[in-house]
**Student:** 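Could you have a look at this structure, given as structure tokens, before my questions?
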2 protein chains.
Amino acid sequence: MSSETDFIAPTMGAPKTGPVIRVLVVDDHPPMRMGLVALINSQPGMEVVAEASDGEEAIEVYDDVRPDIVLMDLRMPGMGGAEAILAIRIKHPDARVIVLSTYDLDEDIHRAIQSGAKSYLLKDMPIEDIASTIRGVHEGDASLPRPVAERLTERSQRQQLTERERDVLGFLVRGRSNKEIASSLCISEDTVKSHLKTLFFKLKVRDRTGAAVEAIRHGIVHLK
Amino acid sequence: MSSETDFIAPTMGAPKTGPVIRVLVVDDHPPMRMGLVALINSQPGMEVVAEASDGEEAIEVYDDVRPDIVLMDLRMPGMGGAEAILAIRIKHPDARVIVLSTYDLDEDIHRAIQSGAKSYLLKDMPIEDIASTIRGVHEGDASLPRPVAERLTERSQRQQLTERERDVLGFLVRGRSNKEIASSLCISEDTVKSHLKTLFFKLKVRDRTGAAVEAIRHGIVHLK
DNA sequence: TCCGGAATCCCCCAAATGGGTGAGAGTCAG
DNA sequence: CTGACTCTCACCCATTTGGGGGATTCCGGA
């Protein structure tokens, strides 16, 4: 929504700027969307061509407008950002998506990058950084801001959890006992305990409570 | 939303609108701040007179500009929103602060209202609601949006935790054992277990893991 | 083909946890 | 003053949990 902000003069004798960068903004918070639109439209050489408020909408809109850049929130109702990125990149492998998230949880960052995001920004970053990242990614860059890259390093330090371990962790966070987890996964309680042992080791905690908190803290398991 | 429609015309023969509502915007996310500024300035009869990016700054700025309304985020680095509201209202008991938060955690809502916030909005609400709440609070209203009020009701359903129970819960979330909690609080382990019993009952959980998750889920204890 | 990782299961055992019950001291409001 | 609440501590006992081994099968990569 380009209101009073863009006097950017798209037709003015633009000196060195190539064609305008066309951006799709995806965020479920109206005021944030408004801010991003204002931010982008106030930058020379870029403009918002569409908005979406969730993953599904983002996928539809992408097909319609074929933006140069998608600026996407990660946590949204319904389809999350990561799945939306995946879906977009199946149809459009050259899509350039930048995640803009509130959280610097290492699992979130990892999931986003795995899904094909070109960069990962935090909402507490200055608008200049956001603008310059949009330009950079449009030029073909794919670098992460220092603090985000550091988080990703932290994650790589931590040993990867296996699928089964993640299953167990999921039930654990939901307050299930070993016995219940066992019957839910159709395995013996001993196997559950076996998974827990490696889980505790990998997460560097002593007990299930610590594991639950770490899982939430790092975004390995999401609440609700 | 009222963007291209209202070229607000502050000097135009304003019919019934009284003096302009002067708003202070407090949020640590630059794009969100930008959006709120755009949102408010696009509304007839209100304008942003100052911005702040954390609690301390908000308190200073309030003294300077004496805004009619403060629109404040709750979770910010350093001093949080609740403490800032408290501090502002000590010096200015008639200050009208509206909280604008990402989270609808019942403890957050409760803390905000306790601190003296006049209303509590969520960032996923439409901008019309935000604007109308600003007007309402400026007129002296102090009502909560339906979903927020419901959360507060949920909280009242849950039995209040005592101070000591909160202490224990805090250590528990930090992964401490009963023995460690006991020595940290200088009480016997039996007393810790006694507190845990009532804690489990009040939170409707079976064990410490459930208690930790519930504490985080409801915002009773904040992670880091 | 052989190795390693993953998942499964088993045993033993000590420690931690949770449930039930009771009870004394302090505070605070009606 | 009395009742309600909180905090404190104690004891008993069953269950759960967690730590230490070890074993099997399966699968995919070197």
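The figures that follow rest on heavy atoms only: side chains count, while hydrogens, waters and symmetry mates do not. Chain letters run A, B, ... following the sequence lines, proteins first, then strands; residues in each count from 1.
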**Student:** According to a strict under-4.0 Å criterion, is A:H195 in side-chain N/O contact with OP1 or OP2 of C:dT8?
**Tutor:**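 Checking A:H195 against C:dT8: at least one side-chain N or O falls below 4.0 Å of OP1 or OP2.
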**Student:** How close do A:A211 and A:L169 get, counting heavy atoms only, and between which atoms?
**Tutor:**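 So the two residues come closest at O-CD1, 4.0 Å.
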**Student:** For DNA chain C, whose closest nucleotide is more 5', that of A:I187 or that of A:K202?
**Tutor:**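 It is A:K202, whose closest nucleotide lies nearer the 5' terminus.
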**Student:** Roughly how many Å is it from CZ in A:R176 to P in D:dT17, rounded to a whole number?
**Tutor:**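 Whole-Å distance recorded here is 13 Å.
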**Student:** For B:E107, which of B:R166, B:R151, B:R158 qualifies under salt bridge (charged side-chain N to carboxylate O under 4.0 Å, His left out)?
**Tutor:**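 Of all the options given, the one that passes is B:R158.
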**Student:** Quick check for you: among C:dA6, D:dT17, D:dT8, whose closest atom lies nearest to any side-chain atom of B:R164?
**Tutor:**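 Per side-chain heavy atoms of B:R164, the pick is D:dT8.
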**Student:** Send over the distance from B:E180 CD to C:dA16 P, rounded to a whole Å.
**Tutor:**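 About 10 Å, once rounded to whole Å.
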**Student:** Per the end-axis method with five pairs at each terminus, what is the bend angle of the helix from C:dT1-D:dA30 to C:dG30-D:dC1, to 10°?
**Tutor:**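 Rounded to the nearest 10 degrees, the bend comes out at 50°.
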**Student:** Should the pair B:R96-B:D68 be classified as a salt bridge under the 4.0 Å nitrogen-to-oxygen rule?
**Tutor:**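 Judged by the 4.0 Å cut-off on N to carboxylate O distance, B:R96 and B:D68 do not form a salt bridge.
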**Student:** Could you give the CZ-to-P distance, from B:F201 to D:dT6, as a whole number of Å?
**Tutor:**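 The distance from CZ of B:F201 to P of D:dT6 comes to 12 Å, rounded to the nearest Å.
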**Student:** Under 3.5 Å, side chain of B:T191 to main-chain N/O of B:I187, donor-acceptor pair present?
**Tutor:**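 No, the answer is negative, given that no donor and acceptor are paired below the 3.5 Å cut-off.
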**Student:** May I ask you to evaluate whether A:S177 reaches the phosphate of D:dT16, defined as a side-chain N or O under 4.0 Å from OP1 or OP2?
**Tutor:**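 Answer no for this pair, as no side-chain N or O of A:S177 is under 4.0 Å from OP1 or OP2.
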**Student:** Could you tell me how far apart A:E189 (CD) and C:dC11 (P) are, to the nearest whole angstrom?
**Tutor:**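 Spelled out: CD on A:E189 to P on C:dC11 is 12 Å.
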**Student:** Reading nucleotides 18-25 of chain C from the 5' end, what letters show protein touch, with B for base, S for backbone sugar-phosphate only, - for no heavy atom under 4.0 Å?
**Tutor:** BBBB----
**Student:** Atom CG of A:L172 to atom P of D:dG18: distance rounded to whole Å?
**Tutor:**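 It is 8 Å, rounded to the nearest whole Å.
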**Student:** Under 4.0 angstrom, heavy atoms only, what part of the nucleic acid is A:E163 near: base, sugar-phosphate, or nothing?
**Tutor:**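 It contacts sugar-phosphate atoms only.
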**Student:** Is any side-chain N of the basic residue among A:R75 and A:D108 closer than 4.0 Å to the acidic one's carboxylate O?
**Tutor:**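 Looking at A:R75 and A:D108, the cut-off is met.
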**Student:** Rounded to the nearest angstrom, tell me the gap between atom CD in A:E165 and atom C1' in C:dA7.
**Tutor:**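 Atom-to-atom, A:E165 to C:dA7, this comes out as 10 Å.
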**Student:** Have a look at A:M32 and tell me which of A:V37, A:D73, A:D27 forms a side-chain contact (heavy atoms from CB on, under 4.5 Å) with it.
**Tutor:**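 Among A:V37, A:D73, A:D27, the one that satisfies the side-chain contact (heavy atoms from CB on, under 4.5 Å) with A:M32 is A:D27.
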**Student:** Would a distance-only check, ignoring hydrogens and angles, find a side-chain to backbone donor-acceptor pair under 3.5 Å from A:E165 to A:L161?
**Tutor:**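 No, the answer is negative, given that no donor and acceptor are paired below the 3.5 Å cut-off.
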**Student:** Specify the separation, in whole Å, of atom NZ of B:K179 and atom P of C:dA16.
**Tutor:**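 Value for this atom pair: 5 Å.
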**Student:** Should B:T191 be listed as having a side-chain N or O under 4.0 Å from OP1 or OP2 of D:dC7?
**Tutor:**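 No.
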**Student:** Is A:R111 paired with A:E83 through a side-chain N to carboxylate O contact shorter than 4.0 Å?
**Tutor:**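 Salt bridge absent between A:E83 and A:R111.
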**Student:** Mark yes when over 12 heavy atoms from residues, nucleotides or ligands other than B:E139 sit less than 6.0 Å from its CD; otherwise mark no.
**Tutor:**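 Above 12, so yes.
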**Student:** Rounded to the nearest angstrom, tell me the gap between atom CG in B:D190 and atom P in D:dC13.
**Tutor:**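 Going from CG in B:D190 over to P in D:dC13 covers 15 Å.
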